[in-house]
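What follows is a set of notes on a single structure, which appears directly below.
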There are 2 protein chains.
Amino acid sequence: MARLPVYLRALTLLIERGVATASSEDLAVAAGVNSAKLRKDLSYLGSYGTRGVGYDVEYLRYQIAREIGLTQDWPVAIVGLGNLGQALANYAGFGTRGFRVAALLDVDPDRIGRDFGGVVVRHLDELADLVDEHDISIGVVTTPGPVAQQVADRLVGSGVTSILNFAPAVITVPSGVDVRKVDLSIELQILAYHEQRKSMAGALHPGLDIDVVAQVVAP
Amino acid sequence: MARLPVYLRALTLLIERGVATASSEDLAVAAGVNSAKLRKDLSYLGSYGTRGVGYDVEYLRYQIAREIGLTQDWPVAIVGLGNLGQALANYAGFGTRGFRVAALLDVDPDRIGRDFGGVVVRHLDELADLVDEHDISIGVVTTPGPVAQQVADRLVGSGVTSILNFAPAVITVPSGVDVRKVDLSIELQILAYHEQRKSMAGALHPGLDIDVVAQVVAP
DNA sequence: CGGATTTTGTTCTCCCGTTCACAAACTCCT
DNA sequence: AGGAGTTTGTGAACGGGAGAACAAAATCCG
Ligand SMILES: NC(=O)c1ccc[n+]([C@@H]2O[C@H](COP(=O)([O-])OP(=O)(O)OC[C@H]3O[C@@H](n4cnc5c(N)ncnc54)[C@H](O)[C@@H]3O)[C@@H](O)[C@H]2O)c1
Ligand SMILES: NC(=O)c1ccc[n+]([C@@H]2O[C@H](COP(=O)([O-])OP(=O)(O)OC[C@H]3O[C@@H](n4cnc5c(N)ncnc54)[C@H](O)[C@@H]3O)[C@@H](O)[C@H]2O)c1
């Protein structure tokens, strides 16, 4: 079900291009997945396609948006207005996808009171009030790693039940709370790992050309 | 093998705490995984543990770092110095993990020439020269989605063989080139999906308390 | 020195996601 | 209207990862 957002984006792209109807094959290409997988995924939501024709792009987009819950908009709190937190707070693409920055929190007096995209940074102590006031259920953690756990604890304590964590730390939460992690270093390290294998393959089999090496290395 | 970086971070944390030896159970808790899985993963690298004792933290950390390829440092190019690109360029945690920002590229004359963390932004046309000069094999894409594909093409054309893509677009590359995607919107949408299910479960079974709901909803 | 204890490395089983393949359903053209 | 062509929805086979469980190996302790 983690692929639904990808399909949603592919559908939006097709709508922008003026496409009214698309086959599972078309969608699969646009979303970068196998067409059988895509059909099976969509069949979970119900029979929204027409055999011999394909899917009504607009209609399917709405159905997926509804399934994900994007017919409402989700207020989000961001904790930690450093480099990354500011970039997120300024990010326009946020609102166009059903999310709204409803609260910004920090503990640094230099950050508190500043304004990003029309929202003023407040002290973390005001978290519970803001969560209540704006009915926030999603929190984003962009603090340094060492304080991520305690910030997560306060988010949970204030009633937040979903957390997106950018800090390089494993955070644990009570059951019933979802955590997702975005970790730049890990992504880069995975790339570095493959890079190293590529160069090693080249060293071990200098006769092989790049295409063959690619096949050896492919996951 | 995508878990090796997580183990690496857990080990680094333990070293900072002065721990010299850790069992697979300790490591599993620190990394947030199952201990059997962790042991199986580590056994791939070789037998670096001692039965009845556990793993030498320092030694294991080095072995994993070597496996990933972090004994060398990896020069990285960042394309698109907007909100996000600037945050990445300023990010200190970059260098401490074996990566180095070697080149910054943009096409906006207002950005070109500016300095982030000691590196000057250059025009995208200079990409190939910079890749050659600094022996860059990893590129980071932080441009708007619509130009992500053409930027990726230029990266590949310049000799980059690994791409980390932050733009909300599916990019396709020749075989032999690795692409990883970091997509904020998708992460938030997955959280929203689970949020919606939580609130629906509450509406359908108003008698259930939050803990029971949590079990129903858990993946 | 030998048994009790701890913990690794590995085997085995199970389960879930992926993919193939095909019948059913729909359109289009003659 | 009917056959040819397309495309969905899904049953079935496949593959691989995850976890339980256990034997082997090392330490500890009397
Ligand atoms: N900047 C990046 O590009 C980048 C990339 C990947 C990961 N990260 C991670 O994201 C996190 C933030 O990175 P950054 O570069 O923005 O760091 P930063 O130091 O610029 O910002 C951290 C912010 O958190 C605030 N903060 C500190 N303790 C807090 C607390 N207890 N409660 C609330 N706020 C608190 C600080 O005042 C500061 O404003 C770090 O964990 C970093 O490792 C950053
Ligand atoms: N800012 C965020 O927090 C955030 C979060 C998630 C995803 N993203 C995605 O990351 C990307 C960048 O976001 P942003 O907020 O930094 O956008 P931005 O508009 O601030 O920055 C985009 C930068 O890319 C440059 N650019 C445009 N076309 C280019 C080209 N052909 N070659 C090189 N550079 C080019 C622009 O000059 C600009 O500096 C977007 O795709 C966005 O959707 C951003």
Side-chain angles (χ1 to χ4, degrees), chain A residues 1-7 10-11 14 19-64 67 170 175 180-181 186 190 193-194 215-219, chain B residues 1-7 10-11 14 19-64 67 170 175 181 186 190 193-194 197 215-219:
Chain A
M1 302 282 160
R3 286 185 296 270
L4 287 182
V6 181
Y7 301 158
L11 287 164
L14 292 177
V19 177
T21 265
S23 69
S24 61
E25 186 58 35
D26 297 339
L27 285 176
V29 169
V33 299
N34 180 294
S35 68
K37 178 156 52 173
L38 182 136
R39 284 202 300 279
K40 184 156 285 189
D41 287 343
L42 295 186
S43 74
Y44 265 98
L45 313 183
S47 286
Y48 295 134
T50 310
R51 299 176 187 217
V53 179
Y55 298 89
D56 181 307
V57 179
E58 201 105 26
Y59 181 59
L60 182 59
R61 202 200 87 89
Y62 173 76
Q63 293 299 336
I64 292 183
E67 179 75 12
V170 175
S175 78
R180 295 192 65 88
K181 176 181 70 175
I186 287 181
I190 293 171
Y193 172 80
H194 291 304
Q215 286 171 24
V216 172
V217 170
Chain B
M1 301 282 159
R3 286 186 296 271
L4 287 182
V6 181
Y7 302 158
L11 287 164
L14 292 177
V19 177
T21 267
S23 70
S24 62
E25 186 59 35
D26 297 339
L27 285 176
V29 169
V33 300
N34 180 293
S35 68
K37 181 159 45 173
L38 181 136
R39 284 202 300 280
K40 188 173 291 185
D41 287 343
L42 294 187
S43 74
Y44 259 98
L45 314 184
S47 287
Y48 294 135
T50 311
R51 300 177 186 213
V53 178
Y55 298 88
D56 181 308
V57 179
E58 200 105 26
Y59 181 60
L60 182 59
R61 202 201 88 89
Y62 173 74
Q63 292 300 336
I64 292 183
E67 181 74 14
V170 175
S175 78
K181 176 180 69 175
I186 287 182
I190 293 172
Y193 172 79
H194 290 304
R197 305 289 277 235
Q215 287 170 24
V216 173
V217 170

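In what follows, every heavy atom counts, from backbone to side chain, and hydrogens, waters and symmetry copies are set aside. Letters A, B, ... are given to chains in the order of the sequence lines, protein chains preceding strands, and every chain is numbered from 1.
- Considering only heavy atoms from C-beta on, T50(A) stays 4.5 Å or farther from D56(A) through its side chain.
- For the pair T21(B)/D26(B), no side-chain contact is recorded, criterion being any heavy-atom separation below 4.5 Å from C-beta on.
- Atom pair R3(B):CZ and dG19(D):C1' shows a separation of 12 Å (rounding to whole Å applied).
- With sequence neighbours excluded, the residues satisfying side-chain contact (heavy atoms from CB on, under 4.5 Å) with A36(A) are N34(A), R39(A).
- Residues A2(B) and I186(A) share a closest heavy-atom pair of O-CG2, 4.4 Å.
- K40(A) places its NZ atom 13 Å from the P atom of dA13(D), with the value rounded to the nearest Å.
- A pairwise comparison of heavy atoms in V170(A) and A31(B) identifies CG2-O, 3.8 Å as the closest pair.
- Listed in residue order, the members of residues 25-32 of chain A having a heavy atom less than 4.0 Å from DNA chain D come to none.
- In this structure, V57(A) and A22(A) approach most closely via the heavy-atom pair CG2-N, 3.8 Å.
- Of all the residues in residues 46-53 of chain B, S47(B), Y48(B), G49(B), T50(B), R51(B), G52(B), V53(B) reach under 4.0 Å from DNA chain C with at least one non-hydrogen atom.
- A donor atom on one side chain and an acceptor atom on the other are found under 3.5 Å apart for Q63(A) and Y59(A).
- In this entry the distance linking CG of N34(A) with P of dC14(D) reads 18 Å, nearest Å.
- Both G54(B) and Y44(A) lie near DNA chain C, and the one whose nearest nucleotide falls closer to the 5' end is G54(B).
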Identify all pairs in which a protein N or O lies below 3.5 Å from an N or O of nucleotides 28-30 of chain D, and state each distance.
none

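- Taking each heavy atom of S23(B) and Y55(B) in turn, the nearest pair found is C-CD1, 4.4 Å.
- A heavy-atom distance below 4.5 Å is not found between the side chains of Y44(B) and E67(B).
- With sequence neighbours excluded, the residues forming a side-chain contact (heavy atoms from CB on, under 4.5 Å) with R3(A) are Y7(A), V33(A), K37(A), D41(A), listed by chain and number.
- Taking CG from L60(B) and CG from L11(B), the interatomic distance works out to 5.0 Å, rounded to the nearest 0.5 Å.
- Applying the 4.0 Å criterion to OP1 and OP2 of dT8(D), one finds that S24(A) has a side-chain N or O inside that range.
- D41(B) places its CG atom 10 Å from the P atom of dG17(D), with the value rounded to the nearest Å.
- Contact annotation: R39(B) does not reach the phosphate of dC22(D) (side-chain N/O to OP1 or OP2, under 4.0 Å).
- When DNA chain C is scanned 5' to 3' for any atom under 4.0 Å from a heavy atom of chain A, the first and last hits are dT18(C) to dT27(C).
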